[in-house]
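The sequence lines fix the lettering, A, B, ..., with proteins before strands; numbering per chain opens at 1.
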2 protein chains.
Amino acid sequence: MDVDELISSSKLLKHWPSLFITLALIWIVKRLFFKGNRVLKTYNLDEQVEEEVEHFADLGDELQPALEDKPHVPFVPGQNLNPNGAKRLYELMRGRRSIRSFSSHPKPDLSVIEDCIRAAGTAPSGAHTEPWTYCVVQEPELKRSIREIVEQEELVNYSQRMHPQWVTDLRPLQTNHVKEYLTEAPYLILIFKQTYGLSENGKRMRRHYYNEISTSIAAGILLCALQAAGLASLVTTPLNCGPALRNLLGRPVNEKLLILLPVGYPKDGCTVPDLARKNLSNIMVTF
Amino acid sequence: MDVDELISSSKLLKHWPSLFITLALIWIVKRLFFKGNRVLKTYNLDEQVEEEVEHFADLGDELQPALEDKPHVPFVPGQNLNPNGAKRLYELMRGRRSIRSFSSHPKPDLSVIEDCIRAAGTAPSGAHTEPWTYCVVQEPELKRSIREIVEQEELVNYSQRMHPQWVTDLRPLQTNHVKEYLTEAPYLILIFKQTYGLSENGKRMRRHYYNEISTSIAAGILLCALQAAGLASLVTTPLNCGPALRNLLGRPVNEKLLILLPVGYPKDGCTVPDLARKNLSNIMVTF
Ligand SMILES: Cc1cc2nc3c(=O)[nH]c(=O)nc-3n(C[C@H](O)[C@H](O)[C@H](O)COP(=O)(O)O)c2cc1C
Ligand SMILES: Cc1cc2nc3c(=O)[nH]c(=O)nc-3n(C[C@H](O)[C@H](O)[C@H](O)COP(=O)(O)O)c2cc1C
Ligand SMILES: N[C@@H](Cc1ccc(O)c(I)c1)C(=O)O
Ligand SMILES: N[C@@H](Cc1ccc(O)c(I)c1)C(=O)O
């Protein structure tokens with residue numbers, strides 16, 4: 001039967017119930033998979049905004065602010081105008097490099113790590129939600145378990161899971177799935193973003209706006225503090241290890257691993273990739 | 001007609017073509033909307049990984065590394081062990097507050113802003129892609145246009161688009177859609193993440209792994225440099241303004257607005273919300 005025949009025939013009329021069911025089902029499926037669509041269409045949102053606008057209904061509906069409503073207070077500047085301050089911070093940070101070979105000794109004082117995390121804790125955050133948890137691992141046994149989980153997954157990443165372009169792009173860094181630094185570095189800091197929070201009585205869910213951006217900004221401040229202390233580190237994102245590492249540390253389901261950061265002193269004779277950084281003119285545009 | 005009747009009747013048999021069409025259509029719709037599923041199922045990925053694993057095919061298929069393949073070089077430490085360094089950085093950063101009222105004068109030297117962006121440019125990035133662009137706006141006319149775009153969208157955000165819980169959670173900050181700081185602050189830094197890049201000859205697409213995390217870490221370092229210089233700022237995420245602001249500045253489509261950061265000195269008598277920060281024991285867990 002060709003199309004002309006179908007259209008002209010009475011079959012179309014005879015089968016209208018099936019057509020109706022079909023269309024209804026498509027509509028239902030679409031509704032199920034695209035909850036946010038209605039809002040998106042009404043307001044013509046840019047695609048990035050979707051996440052922020054959606055999924056409000058399922059977090060309970062008492063309208064109390066997550067923070068206390070209090071009068072504002074005068075701003076007390078923490079630091080006076082210092083025209084050399086920016087340059088000095090640049091000079092400090094341009095010495096930072098990602099280190100992939102750490103020595104176990106000497107072990108920096110935990111108090112230094114604490115000061116670094118205190119610094120990270122001063123970061124701004126969406127609606128002041130402070131959506132971060134820092135797990136500091138020193139225990140050799142636990143580091144070994146972390147290393148096992150990561151090496152197992154990274155082996156799959158390098159050998160099968162990831163696109164050959166990924167493997168090719170990483171080649172100049174000379175990384176592979178073997179992660180000695182996970183047992184050799186004196187500290188592993190596992191940075192979790194909290195995708196939502198709980199109110200003080202643990203009853204009400206709190207929305208953690210922009211939790212990934214906020215936690216990453218805090219990580220940037222952490223890197224500054226580590227560098228100021230003379231400590232080396234490596235930002236890593238062990239692909240597909242998040243849930244296993246979260247379970248290993250007994251962290252709750254609202255926390256998702258963002259960064260695994262080994263911290264310590266570089267091993268003697270440690271080398272790094274011969275990388276150049278972009279010039280200012282390549283990253284800044286003035287108007 | 002009730003369900004029993006339907007099942008026992010011969011209608012089910014008679015209507016099998018409609019049923020078949022229905023099921024086929026559901027399958028097609030599902031396929032269309034869930035491209036990545038096959039990979040996900042094969043490897044049992046955690047949900048966060050999806051984005052990194054997907055969409056490799058559409059970026060061209062020459063396997064050249066994005067970086068040059070070069071021998072590694074000895075690591076030269078930039079800063080010696082400094083047990084007080086972390087504490088000093090904490091003392092610097094704990095004075096940082098988000099300021100929402102800026103004075104137009106004095107205007108900090110552009111060279112200070114440049115040093116801050118240089119500092120941000122030392123940030124680590126996924127596979128050293130440096131996926132960031134900093135647009136520095138001083139031009140009063142342009143600031144006015146930016147303010148118009150933002151106020152228009154934020155009005156919709158506050159009055160209609162966002163869930164009442166969002167409005168309630170923000171109430172303690174006493175913000176609204178009026179954004180005087182966008183014309184009063186001497187500088188607006190618009191931080192764009194580059195979602196992908198181009199190779200030097202502009203021919204080949206480059207994958208920008210973790211571009212949002214990397215650009216946010218760099219923003220954290222930028223905040224440290226601004227603070228070291230004695231400058232105040234405000235991290236803002238003007239919801240749904242990204243594309244309009246990108247077009248206004250003539251930035252390419254691979255760049256997405258991440259943060260709009262007014263920078264300057266606080267206005268005399270400037271107040272801030274009376275916020276407390278979490279204690280170390282609430283953000284750090286040791287193992
Ligand atoms: C990712 C992110 C997005 C933010 N978005 C806005 C915003 O759109 N408007 C605003 O006034 N403040 C915004 N803020 C600032 C927060 O409200 C502020 O950091 C928080 O209230 C804590 O105050 P503090 O920075 O003074 O410590 C944002 C902060 C972050 C980290
Ligand atoms: C978001 C992010 C993820 C990263 N993931 C890894 C990783 O999984 N493994 C690794 O060895 N390095 C990782 N890095 C480090 C980068 O490879 C490194 O920053 C880049 O090569 C530049 O080198 P530099 O940090 O010495 O300037 C990551 C960096 C960032 C910012
Ligand atoms: N972008 C709006 C609302 C706002 C405000 C503060 C904040 O932390 C967050 I997340 C959002 C505005 O700038 O008013
Ligand atoms: N996570 C892997 C691969 C890797 C390596 C470097 C890098 O910048 C990125 I993004 C990924 C690993 O750690 O080996």
Side-chain angles (χ1 to χ4, degrees), chain A residues 18 22 46 49 56 63 65-67 69-70 72-73 75 78-79 81-82 85-87 89-90 93-95 112 115-119 121-122 124 127 130 134-137 163 168-169 171-172 213 216-217 220-221 224-225 228-230 235 240 242-243 270-272 274 278 283-287, chain B residues 18 22 46 49 56 63 65-67 69-70 72-73 75 78-79 81-82 85-87 89-90 93-95 112 115-119 121-122 124 127 130 134-137 139 163 168-169 171-172 213 216-217 220-221 224-225 228-230 235 240 242-243 270-272 274 278 284-287:
Chain A
S18 355
T22 306
D46 88 62
V49 174
F56 269 99
L63 290 182
L67 299 170
D69 257 323
K70 281 193 290 191
H72 284 202
V73 295
F75 169 66
Q79 151 104 15
L81 175 60
N82 181 354
K87 188 165 257 145
L89 204 111
Y90 168 60
M93 292 312 286
R94 81 199 206 96
V112 175
D115 284 335
C116 293
I117 293 175
R118 272 193 193 94
T122 69
E130 302 171 281
Y134 296 86
C135 292
V136 178
V137 176
H163 191 281
T168 308
D169 282 342
R171 202 175 58 209
I213 300 175
S216 303
I217 290 174
I221 300 175
C224 290
V235 171
N240 212 38
C270 170
T271 63
V272 290
D274 188 10
K278 286 181 183 168
I283 64 172
M284 175 172 155
V285 189
T286 47
F287 297 85
Chain B
S18 357
T22 307
D46 89 62
V49 175
F56 267 101
L63 291 182
L67 299 171
D69 257 322
K70 281 194 288 190
H72 285 202
V73 294
F75 169 65
Q79 151 103 16
L81 175 59
N82 181 353
K87 187 164 257 146
L89 204 113
Y90 167 61
M93 292 312 287
R94 82 199 205 95
V112 175
D115 284 336
C116 293
I117 293 175
R118 272 193 193 95
T122 69
E130 303 171 281
Y134 296 86
C135 292
V136 178
V137 176
E139 248 261 301
H163 191 280
T168 307
D169 283 342
R171 203 175 58 211
I213 300 175
S216 302
I217 291 174
I221 300 175
C224 290
V235 172
N240 213 37
C270 170
T271 62
V272 290
D274 188 11
K278 287 181 181 169
M284 175 173 154
V285 189
T286 46
F287 296 87

Whether over 12 other heavy atoms sit under 6.0 Å from A/Arg94 CZ: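 Not buried by this count: 12 neighbours or fewer within 6.0 Å.
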Once rounded to the nearest 0.5 Å, what's the spacing between atom [atom1] of [X] and atom [atom2] of [Y]?
X	Y	atom1	atom2	result
B/Tyr90	A/Thr122	OH	OG1	8.0 Å
B/Asp274	A/Leu67	CG	CG	11.0 Å
B/Glu130	A/Ile283	CD	CD1	7.5 Å
B/Ile217	A/Ile213	CD1	CD1	12.5 Å
A/Arg118	B/Lys87	CZ	NZ	7.0 Å

If you count heavy-atom pairs under 4.5 Å between each of [options] and chain B, which one has the most?
options	result
A/Lys278, A/Lys70, A/His72	A/His72
A/Ser216, A/Ala119, A/Cys270	A/Ser216
A/Cys116, A/Gly95, A/Cys224	A/Cys224
A/Ala66, A/Pro124, A/Gly85	A/Pro124
A/Gly230, A/Pro172, A/Ala225, A/Ser18	A/Pro172

As an exercise: rank [options] by heavy-atom pairs under 4.5 Å with chain A and give me the winner.
options	result
B/Ile221, B/Val137, B/Val136	B/Val136
B/Gly121, B/Ala228, B/Ala127	B/Ala228
B/Ile117, B/Val73, B/Asn82	B/Val73
B/Val272, B/Thr286, B/Thr22	B/Val272
B/Met93, B/Glu139, B/Met284	B/Met284

Check B/Ala86 against A/Val112 and note the closest heavy-atom contact, atom names and distance.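 Shortest heavy-atom contact: CB-O, 3.9 Å.
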Region of A/Val235 that comes under 4.5 Å of a non-hydrogen atom in chain B: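 For A/Val235, the contact with chain B is made by the side chain alone.
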Mind running side-chain contact (heavy atoms from CB on, under 4.5 Å) on B/Leu89 and A/Leu89 for me, showing each step along the way? CA-CA 10 Å; B/Leu89 204 113; A/Leu89 204 111; 4.2 Å; yes
